[in-house]
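Below is one structure, written out as structure tokens; the observations come after it.
Heavy-atom basis, side chains included; hydrogens, waters and symmetry copies ignored.
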Amino acid sequence: MQLDDLGTWRRTHKSREITEKLDGQEVILMGRVGDIRDLGGIKFFILHDISGSIQITAPRKKTDLKTLTKLDALTQESSVAVRGKVVRAKQAPRGVEVLPSEIRILNLASTPLPLDPSGKVKANLDTRLDARGLDLRRAESIAIFKIRNQALQSIREYLISQEFIEVQTPKIVATATESGAALFPISYFEKEAFLSQSPQLYKEVLTGAFDRVFEVGPIFRAEEHDTPRHLNEATSIDIEAAYMTADDVMKILEELVWRAFDSVKRNCAEELQVLHHDLEVPKRPFPRITYDEAIEKLNAAGVLLNWGEDLPTPAEKKLAEILGGAFFIVDWPLEVKPFYTFPKGDKLSDAFDLMYGELELASGGTRIHSEEMLVKQMGLKGLNPENFASHLLNYRYGLPPHAGFGLGLDRLTMVLTGAENIREVVLFPRDRKRLTP
């Protein structure tokens, strides 16, 4: 069938804005087709848009033949525009509906669809991700990304209020930030290059010019994890601040995370209800335990670890049972932290992780700002300082003391939405097995 175009039509209202106050008024709505029903003397369908849904009702005796023909041609998820009159209707889902005077079919969806966006017919995650553009129309998916957006908005507003400048650093880099084993190599003309694991080195340099910077951007890790909490492309919220220490940026991180929870709780009640998630705003201050205390608690609980080990997943789960909610682990062994982490004595580092339950949300600390110390730590980590020559030059320009952190936006969204798999909260997730869509 020949499709219609918008012509001079423009949306006058979103579906959520159609209320009894508009009774008798003409409106133009645009969205996608949901359930379609034919009760003989009356036909109707549910029109969905980003704000919600509204019932479009066409009594056969009061609707012209052309409009009825358009209604007969509709398929679920087709894109349509509707001009019609708002009327009160007790039988309608929201007590109000629209009687169409004209329908324009902008794009007709093919049938059968690979999944049911209404959720009445369940589909597994792989099926949903294969048809992600359709899956994102589900009410649950829309709720997740509205919550993600709200959290990110509150985070940006807070950092800007604290005089942080938003920056964008390169994602094609010449050297590793952390472990070279977790790099994605790429072809960059005649040179070797990699996808960036972190904006760490760049944001450190930028503290010398802008004092306080933050970035919201992608990071890439070529790790072979295949778990509900790992992806190979993720979104990180990174900050770096001159003349600060780990303790200072921990306070910023705590406030930032608390505000994200509070903002979602206050502004996304409907979305949380769609997800059946009872979000609890964590109490401040977040508890702090040292790495040593964490090891003691774990060993006492039967999870045996040697001092100096990073915490494996079973240990994180056990700590979540013991402590719950949001908490910091501080004073980590220097050997398990990146080369740029400031030492705290011979064996410890001025570094921290922020946990929420069993999920590590963020890590950070005080950074080394002395070239001599940094070169020494590179050597201890098996890194060649010559590979970082251009970066080390900045330490000869009087780079100030600084500290910062990286916060995983995807994992934070998991906590805010109650999602059990990180792929649910990323638009088009990338893992070892998935490169499309």
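Here the side chain of S154 pairs a donor or acceptor atom with the backbone of A151 at under 3.5 angstrom. The backbone N or O of E424 lies less than 3.5 Å from no partner atom in the side chain of N421, so there is not a single donor-acceptor pair. Listed for the N232 side chain is a donor-acceptor partner under 3.5 Å among the backbone atoms of E223. Not one N or O on the side chain of S141 forms a donor-acceptor pair closer than 3.5 Å with the backbone of R137. Within the 3.5 Å criterion, the main-chain N or O of D226 finds no donor-acceptor partner in the side chain of R432.
Only one option out of V173, L206, T169 pairs with P199 in a side chain to side chain contact (heavy atoms under 4.5 Å, CB included); it is T169. A side chain to side chain contact (heavy atoms under 4.5 Å, CB included) with V80 holds for exactly one of D4, L74, N107; it is L74.
Using modelled atom types, one finds a donor on one side chain and an acceptor on the other under 3.5 Å when comparing S51 with S15. Between D238 and S236, the side chains place a donor N or O and an acceptor N or O closer than 3.5 Å (distance only, hydrogens not considered). Side chain to side chain, E240 and T207 fail the donor-acceptor criterion of an N or O pair below 3.5 Å.
A salt bridge links R156 to E166: at least one charged side-chain nitrogen sits closer than 4.0 Å to a carboxylate oxygen. In this structure, R88 pairs ionically with D23, as a charged nitrogen and a carboxylate oxygen lie closer than 4.0 Å. Salt bridge annotation for E321-K318: present, with a cationic side-chain nitrogen under 4.0 angstrom from a carboxylate oxygen. R60 and D38 are joined by a salt bridge, as a carboxylate oxygen and a charged side-chain nitrogen come within less than 4.0 angstrom of each other. The pair R411-E360 does not meet the salt-bridge criterion, since no charged nitrogen lies less than 4.0 angstrom from a carboxylate oxygen. A salt bridge is absent between E270 and K146; no separation between the charged side-chain nitrogens and carboxylate oxygens falls under 4.0 Å. Between E102 and K70, no side-chain nitrogen of the basic residue sits less than 4.0 Å from a carboxylate oxygen of the acidic one, so the salt-bridge criterion is not met. One finds no salt bridge joining R16 and D49 here, because no Lys/Arg side-chain nitrogen approaches an Asp/Glu carboxylate oxygen to under 4.0 Å. For the pair R259 and D262, the salt-bridge criterion is not met [side-chain N within less than 4.0 Å of a carboxylate O]. Looking at K337 and D353, a side-chain N of the basic residue comes within less than 4.0 Å of a carboxylate O on the acidic one, giving a salt bridge. For the pair E140 and R128, the salt-bridge criterion is not met [side-chain N within less than 4.0 Å of a carboxylate O].
Note on ring orientation: taking the six-membered ring where Trp is involved, the planes of F352 and F328 are perpendicular (angle over 60°, cut-offs 30° and 60°).
One distance of note links CD1 of I36 with CG of L71; it measures 8.5 Å at 0.5 Å rounding.
Residues passing the side-chain contact (heavy atoms from CB on, under 4.5 Å) test with T235, sequence neighbours excluded: R148, V216, L409, D410.
For the pair R37 and F44, the cation does not sit on the ring face, since its NZ or CZ is not both under 6.0 Å from the ring centre and inside 45° of the axis.
For F339 and F388, the ring centers sit closer than 6.0 Å to each other.
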